[in-house]
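One structure is given below, encoded as C-alpha cells.
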Amino acid sequence: MDPLQPVRGTRDIIGEDQRRHTHVIATARAAAATYGFDEWTTPIFEDTRVFARTLGDTSDVVTKEMYTFSDRGGDSVTLRPENTAGICRALVTNGLTQSLPQKVFYAGPMFRYERPQKGRYRQFHQIGAELIGPAEPLADAEIIALGWDILSALGIEGDIILELNTLGDAASRTAYRAALVDYFTDQRAALSADSQERLDKNPLRILDSKDSRDQMLVQQAPTIAPFLSPEAASFYDAVKLNLTRLGVPFRENPRIVRGLDYYSHTAFEFVTTRLGAQGTVMAGGRYDGLVAEMGGPPTPAVGWAAGIERLSMLLRQSPAPTAPIAVIPMGEAAEIAALTILQTLRRAGLRAEMAYRGNMKRRLERANKIGARAAIILGEDELNRGVAAVKNLATGRQADIAFADLPAHLAE
RNA sequence: GCGGGCAUAGCUCAGAUGGUAGAGCGCCAGGUUGUGGUCUUGGAUGUCGCGGGUUCGAGUCCCGUUGCUCGCCCCA
C-alpha cells in the first residue's frame, strides 16, 4: 500500500507556511476594516445550483472543475469553487438586500478540481471583498484601492501591476462580441485549435490567449471602446478618474477578460511576473446581475478575490515568530515556584514556556532551539533569596531579578 | 484534460558502464553532577515513492502507478 499522503492538490500548511498564510489574512482583514468592511463566514459547500446557475456555462470552473457530490439525503452539493456566489446567496438568505450597502470581507478555502501547479491547488485559500449595493463608479475604484492597500501593506506592490479594462454594459458587450466573432471568423483557419473552440464557446477569451499566432491576430482585433454606450464609456472614465484620486496606479489593458460570466463593466487583475503561469494574484470586477440570479432584487455589486498561497509566495520575508521566554527550574521546589512565574508572565501577555523534563544543560539547549530571547533560571539558591537569574540569551548576560519585577523586566 | 522533467536519511543532495547504500545539515549521547549558542568525540538514520518485470544479482534497465514540478487549457 502506498504511504498515506495528502490528497492530490492539497497540502498541509505548517510552520513558516502557516505564518505567511496568517500574516496575509491578518493584514488584509485589518486593511478591510479601515474601509468599513465586515467579515462574513459562509459555508464551504452549498447547493450545487448556487454555483451552476451563476458562474456561466462556458467557464471551466463550472463545466469540469467543481467538486460536486450527493449527500446522504440525495441532494447535490458542491464545495465552493469561489465565494462571490455564496456571499450573494447569503445576502439574499439573510434579507440584507434591505440594508445596503453591504461591505463584506472573507477568507477561507476554495476547491477546484484541476491539475495542480505552482501556486495552484485543488484546495486553495482566498481572501476577498465584495461591495454590494452601490452602482456608482466610486465603489469600483474604492474596492480596487482596498486591494492595492493590502498589497502595499504586504510589501509586494512593487512586484505587481494593476491591469484595468471595461467589459461595458450588456448592450455594449453584445455588440462588441458580435464584432469579434465577425473578425475572428474571417481568420478562423489562422487561429490555434484552442481559440477555434473559444470562437464558438467564448470568443472574448481569444483576447488573452497565450498562443503567439493568436496574439498576432488579437493585435489587429477590434477593441471594445467604439462599441461602448455613452453611459458605459463615462462609467469607465469615472472609475479611472477615481482610481487616480485615490492614489492607485493602473495600466489599461483592453485584453483583460474575466473568466466568470457574471462580470460587466469594470474588470481588473493584479498581476506579477514572479509566479510563472499563475501570475494573477488578485482579480475581480463588477457583477450587477448576480444577486438577482440568486433570487434577490436587482442589486449592483463589485468585488475581488485573491489567492492566499500566491500572495504568501510573493512575501519577501517570512513573518518572524515571537521569541519566547524559557523558564528553567532546578529541582522540585523550584518547579512549583516556576509554575507561578510562568502564569504571571503569560497573563502579562508574554510568551513563556517551560520544558517538561531535562537538566539545565538540556533545557538551555532547548531554549536556544525554540529561539527564546531570555531564560529564567530558578534553583534553590535563587528561591531562598526570592529572585530568579534572568539570562539574556543573545548577549549571555545574566542578572538576579526579584520575582515581582519579572514581568516588567521582561516586557519588550 | 494534454505534453516534458523529477522521486535515495527529517532537510539539501552524491551514488559512469547493474554487484544488496553515502555526504553535509539536523537529531541522539558523552567531553561539562547549576549555564545554551562555538568546539570536540561517538551513535542512529533509509520498506532507495509504490507495484510488477528482465537478471545469478536492480537505487541503477523495462512496464505500470502515485506524487511533485514546468508548460498548455483554465484560473486566485
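Naming convention: chains lettered A, B, ... in sequence-line order (proteins, then strands); numbering from 1 in each chain.
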ask   = Expressed in angstrom and rounded to an integer, what is the separation of A/Tyr121 atom OH from B/C68 atom C1'?
value = 11 Å
query = In the structure shown, which nucleotide is the Watson-Crick or G-U wobble counterpart of B/G18, with both distances under 3.5 Å?
reply = none
message = Students often get this wrong, so: under 4.0 angstrom with heavy atoms, is A/Gly371 touching a base, only sugar-phosphate, or nothing?
response = nothing
ask   = A/Tyr67 OH to B/C75 P: how many Å, rounded?
value = 17 Å
query = Tell me: CZ of A/Arg20 to P of B/A76, nearest whole Å?
reply = 23 Å
inquiry  = Given B/A76, B/G34, B/G67, identify the nucleotide with an atom nearest to the side chain of A/Arg8.
reply    = B/G67
message = Please give the distance between the P atoms of B/G57 and B/C73 as a whole number of Å.
response = 49 Å
task = Go through B/C27, B/C68, B/U35 for me and flag the one nearest to the A/Gln398 side chain.
result = B/U35
key: Strand partner of B/A7, provided both Watson-Crick or wobble distances fall under 3.5 Å   = B/U66
request  = Check the angle between the aromatic planes of A/His265 and A/Phe235 and answer parallel, tilted or perpendicular using the 30° and 60° thresholds.
outcome  = tilted
inquiry  = Measuring from the side chain of A/Leu364 (C-beta onward, heavy atoms only), which nucleotide among B/A76, B/C74, B/G36 has the closest atom?
reply    = B/G36
request  = Run the numbers on A/Asp38 and A/Lys103 for side-chain contact (heavy atoms from CB on, under 4.5 Å), then give the verdict.
outcome  = CA-CA 6 Å; A/Asp38 288 325; A/Lys103 302 160 91 169; over 6 Å; no
message = Of the listed nucleotides (B/A76, B/C70, B/C74), which one gets closest to any side-chain atom of A/Gln117?
response = B/C70
P gap between B/U65 and B/G3, integer Å = 12 Å
task = Round to the nearest Å and state the distance from A/Arg205 atom CZ to B/C72 atom P.
result = 14 Å
ask   = Would you say the side chains of A/Asp169 and A/Ser172 form a donor-acceptor pair under 3.5 Å?
value = yes
message = It should be established whether A/Arg198 places a side-chain nitrogen or oxygen under 4.0 Å from OP1 or OP2 of nucleotide B/C74.
response = yes
message = Any strand counts, and the cut-off is 3.5 Å on both contacts for Watson-Crick or G-U wobble. Which nucleotide pairs with B/U47?
response = none
query = Any idea which of B/C74, B/G34, B/C75 is nearest the A/Glu382 side chain?
reply = B/G34
request  = State, without any angle test, whether A/Tyr183 and A/Gln220 hold a side-chain donor-acceptor pair at a distance under 3.5 Å.
outcome  = no
query = For A/Arg366 and B/C27, what is the distance between atoms CZ and P respectively, to the nearest whole Å?
reply = 11 Å
task = Test for a donor-acceptor pair under 3.5 Å between the base of B/U35 and the side chain of A/Lys361, counting only N and O atoms.
result = no
d(CG, A/Asp194; P, B/G71) in whole Å = 16 Å
inquiry  = Check this one for me: any side-chain N or O of A/Arg362 less than 4.0 Å away from OP1 or OP2 of B/C28?
reply    = no
query = Does any donor-acceptor pair link the side chain of A/Asn368 with the base of B/G37 at a separation under 3.5 Å?
reply = no
request  = Would you mind classifying the nucleic acid contact of A/Ala367 as base, sugar-phosphate or nothing, using non-hydrogen atoms under 4.0 angstrom?
outcome  = nothing
query = So with a 6.0 Å cut-off around OH of A/Tyr67, is the heavy-atom count from everything else above 12?
reply = yes
key: A/Arg19 and A/Thr22: side chain donor to acceptor below 3.5 Å   = no
message = The side chain of A/Met360 is closest to which nucleotide in this list: B/C75, B/G34, B/U69?
response = B/G34
Separation of the P atoms in B/C61 and B/C6, to the nearest angstrom = 10 Å
Upstream residue (5' side of RNA chain B) when A/Pro116 and A/Tyr113 are each assigned their closest nucleotide = A/Tyr113
Of A/Met330 and A/Ala305, the one whose closest RNA chain B nucleotide lies more 5' = A/Met330
ask   = Considering only heavy atoms and no angle criterion, is a donor-acceptor pair shorter than 3.5 Å present between the side chain of A/Arg115 and the base of B/G3?
value = yes
query = Does any nucleotide pair with B/C72 by Watson-Crick or G-U wobble geometry, both distances under 3.5 Å, and what is it?
reply = B/G1
query = Looking at B/G71, B/C27, B/C73, which one has an atom nearest to any side-chain atom of A/Lys369?
reply = B/C27
note = Per atom distances to the A/Arg310 side chain, the nearest of B/C75, B/G36, B/C73 is B/C75
inquiry  = For a quick test of reading the model: is some side-chain N or O of A/Lys118 closer than 4.0 Å to OP1 or OP2 of B/G71?
reply    = no
message = With a 4.5 Å cut-off on side-chain heavy atoms, are A/Leu406 and A/Thr344 touching?
response = no
Side chain proximity check, A/Ile328 to A/Leu378, heavy atoms < 4.5 angstrom = no
inquiry  = How many whole angstroms separate atom CD of A/Glu114 from atom C1' of B/U69?
reply    = 16 Å
task = Give one of base, sugar-phosphate or nothing for A/Leu311, where a contact means two heavy atoms less than 4.0 Å apart.
result = nothing
remark   = A/Glu335 atom CD is separated from B/G34 atom P, nearest whole Å, by 15 Å
ask   = When you check the glycosidic angle of B/A14, does it come out syn, meaning within 90° of 0, or anti?
value = anti
